[in-house]
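A quick write-up on the structure given underneath.
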There are 2 protein chains.
Amino acid sequence: MSELHFNSKLPFLYCVFTIRNHRKNTVRKTLMNKTVNILMKQTANDTYQLLQGDLDGTDMLQHAVQKELQHTLSIEDDIFAEQLKTIYIPRKKEHATDKDYTPLLVYYAFIKEESLTHLLHEDSPYTALSIDEAQEKDVLPLHQKILFGGLSPLCGEEVNVYEQVQKKMFSSSIAKGLLNEEFTLSELRELLEAFVPSIRLNSSNFIRKITLSKMTKGLIEECMDENNCVKTSKQYSNNAAKLYRFTTEEPLLSYFN
Amino acid sequence: MSELHFNSKLPFLYCVFTIRNHRKNTVRKTLMNKTVNILMKQTANDTYQLLQGDLDGTDMLQHAVQKELQHTLSIEDDIFAEQLKTIYIPRKKEHATDKDYTPLLVYYAFIKEESLTHLLHEDSPYTALSIDEAQEKDVLPLHQKILFGGLSPLCGEEVNVYEQVQKKMFSSSIAKGLLNEEFTLSELRELLEAFVPSIRLNSSNFIRKITLSKMTKGLIEECMDENNCVKTSKQYSNNAAKLYRFTTEEPLLSYFN
DNA sequence: GAAATAGTGTCTATTAGACATTATTAC
DNA sequence: GTAATAATGTCTAATAGACACTATTTC
């Protein structure tokens with residue numbers, strides 16, 4: 001059987017996204033300006049690379065992949081990670097002239113800024129690059145193509161992790177990976193705006209759409225305290241904002257009904 | 001580097017969906033009743049299995065996977081196939097007691113009924129099972145769980161190919177894989193209804209939604225003939241129906257804007 | 001004329017989107 | 001009072017959904 005053929009380590013690659021929060025220039029309580037960053041490791045020859053690892057098959061896949069990332073980054077918290085695609089990337093055979101391919105599992109992950117602080121000091125090999133930097137700086141070409149597209153000539157199919165994550169941000173509940181379990185609607189709105197900077201969501205209409213429309217029914221719910229009152233937060237404003245959480249449901253988005 | 005470790009064959013698995021068309025019981029021109037079927041191979045011990053194969057890395061992934069399926073099924077037409085997920089499935093080590101895991105690339109594919117006729121005769125090992133049959137009959141348990149869920153205890157994560165395909169049918173343009181390049185809106189509607197039998201799409205409103213709403217703008221377009229007139233078909237009715245095709249775009253479906 | 005599908009008309013309820021307004025509260 | 005966010009009000013346009021109706025054409 002085919003299973004018996006398999007006895008190699010399976011390489012995987014992590015696109016780790018994080019959000020940097022910048023305070024606005026004001027004295028009062030304020031919302032944060034958020035920017036999307038991608039975690040890179042700077043190698044000896046000064047090239048930035050995504051995080052990589054190998055799987056030996058001794059553990060369940062999702063578990064192994066998360067554990068490996070926790071270990072690499074010395075993070076103990078649970079990490080939000082999802083598989084995006086398995087691709088074949090070319091490699092040169094040492095002893096032959098024809099190209100062949102090796103598999104690579106591509107994951108994306110979300111890690112909150114506060115879980116990364118211990119990694120982002122001056123003489124650390126890790127850096128969080130902005131999207132612009134990740135496109136312009138000296139990033140390993142393969143990794144740059146996996147992030148932003150252009151693999152097709154190499155691999156015969158396309159991947160564009162950043163675009164995929166942008167889309168999933170709006171059409172799934174993965175935002176939970178970058179929010180606290182309980183969050184305000186302006187936190188959610190700012191997160192979405194950070195991932196698609198061209199978009200401007202009207203905050204009044206945003207609240208109404210999320211809380212009232214049939215389409216989003218069941219996606220999020222209000223957080224209740226022990227007295228069955230809606231929990232609120234004054235973190236960003238003196239006017240308390242309701243706290244919400246994502247449910248485990250994702251209502252179907254459909255073109256056709 | 002990790003790439004050098006990899007020298008095994010990588011197994012993959014195909015969930016091949018097809019649509020069976022049944023004429024309604026009438027003398028006149030009529031729409032078809034469609035049912036979803038899954039292609040299975042019946043093994044010696046009478047168990048149904050999904051199609052499998054191995055990749056040796058000599059060809060690009062998507063290309064290799066399609067070629068292998070074409071070869072297995074003796075089909076020359078292009079086959080619509082997409083990767084869904086890579087999972088780890090358990091295997092028993094011959095020489096040890098602890099479990100370990102082997103990777104499996106899960107694909108789904110769409111093949112039109114007419115491309116399968118040569119395979120579905122009496123003494124062929126291939127059968128097209130209805131969704132009900134695939135859930136009730138003696139299908140290899142692993143494959144049944146991959147199709148309909150229940151893998152979690154084995155693999156630590158869930159897959160449910162049928163459910164995923166149902167959802168993608170409504171939220172992407174994969175329907176093109178089971179339609180002719182040019183199709184009528186009732187063909188599309190019947191295809192959707194076949195995949196989610198509980199749904200009843202109002203045919204009048206369906207036409208309007210697809211052709212007028214902003215949400216679906218750009219998803220499909222009318223087919224024009226050489227005189228720049230909209231092409232039509234009388235295949236299902238004496239009243240000609242317009243022909244449409246999917247574009248290469250998929251407008252963003254979003255909870256949030 | 002009947003059968004069958006294709007498509008338009010019409011009405012109501014819901015939603016989207018723009019934008020003004022009010023509420024809250026620490027300073 | 002002011003700054004800042006949270007949320008509601010209001011209005012218009014667009015869409016969804018139910019269902020009646022017309023159109024087409026072969027038999």
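Heavy-atom basis, side chains included; hydrogens, waters and symmetry copies ignored. Note that the structure is predicted; figures quoted are calculated from it, not measured. Order of the sequence lines sets the chain letters (A, B, ...), proteins ahead of strands, with each chain counted from 1.
- Nearest to the side chain of Ser204(B), among dA3(C), dC19(D), dA16(D), sits dC19(D).
- When distances run from any side-chain atom of Ile207(A) to the nucleotides dA6(C), dA6(D), dA18(D), the shortest one goes to dA6(D).
- Side chains of Lys242(B) and Thr184(B) form no contact here, defined as non-hydrogen atoms less than 4.5 Å apart.
- In this structure, Arg200(A) atom CZ and dG17(C) atom P are separated by 16 Å, rounded to whole Å.
- For Phe206(A) and dT5(D), the CZ to P distance is 15 Å, given to the nearest whole Å.
- Between the NZ atom of Lys231(A) and the P atom of dA6(D) there is a distance of 18 Å, given to the nearest Å.
- In this model, a side-chain donor or acceptor of Asn239(B) finds a partner on the base of dA23(D) within 3.5 Å.
- For Lys234(B) and dA4(C), the shortest distance from a side-chain N or O to OP1 or OP2 is not below 4.0 Å.
- Under 4.0 Å is where a charged nitrogen must lie from a carboxylate oxygen, and between Glu82(B) and Lys168(B) at least one such pair does.
- When the nucleotides dA4(D), dG17(C), dT5(C) are ranked by their closest atom to the side chain of Ser186(B), dT5(C) comes out on top.
- Note on Thr26(A): every side-chain N or O is 4.0 Å or more away from OP1 and OP2 of dA3(D).
- Nearest nucleotide to the side chain of Asn205(B), out of dA4(D), dC19(C), dA18(D): dA18(D).
- One can place CZ of Phe256(A) at 16 Å from C1' of dA16(D), the figure rounded to the nearest angstrom.
- Under the 6.0 Å distance and 45° angle rule, Lys137(B) does not count as a cation-pi partner of Tyr48(B).
- Checked against dA6(C), dG17(C), dA7(D), the side chain of Lys214(B) finds its nearest nucleotide in dG17(C).
- Within the 4.0 Å cut-off from OP1 or OP2 of dA3(C), not a single side-chain nitrogen or oxygen of Lys29(B) is found.
- When the shell of 6.0 Å around CG of Asn25(A) is examined, it contains 12 or fewer heavy atoms from other residues, nucleotides or ligands.
- Checked by distance alone, Arg208(A) brings no side-chain donor or acceptor within 3.5 Å of a matching partner on the base of dG17(C).
- Considering only side-chain N and O atoms, Lys209(A) lies under 4.0 angstrom from the phosphate OP1 or OP2 of dA16(C).
- Across all strands shown, Ser203(B) has no heavy atoms under 4.0 Å from either base or sugar-phosphate atoms.
- Rounded to whole Å, atom C1' of dG7(C) lies 16 Å from atom CG of Leu188(B).
- Heavy-atom nearest nucleotides on DNA chain D were determined for Asn238(A) and for Leu185(A), and the one closer to the 5' end corresponds to Asn238(A).
- Residue Arg28(A) places no side-chain atom within donor-acceptor reach of the base of dA4(D), judged by atom type and a 3.5 Å distance cut-off alone.
- When each of dT5(C), dA3(D), dT5(D) is scored by its nearest atom to the side-chain atoms of Ser237(A), the top-ranked nucleotide is dT5(D).
- With a 6.0 Å radius and a threshold of 12 heavy atoms from other residues, nucleotides or ligands, Lys167(B) has its NZ atom at or below the threshold.
- In this structure the side chain of Leu243(B) never reaches within 4.5 angstrom of the side chain of Thr232(B), judged on heavy atoms.
- The distance between atom CG of Leu201(B) and atom P of dA16(D), rounded to the nearest whole Å, is 13 Å.
- For a distance-only test at 3.5 Å, the side chain of Asn257(B) fails to qualify as a donor-acceptor partner of the base of dA16(C).
- If you measure from atom CG of Leu212(B) to atom P of dT8(C), you get 8 Å, rounded to the nearest angstrom.
- Distance CE (Met215(A)) to C1' (dG17(D)): 16 Å, rounded to an integer number of Å.
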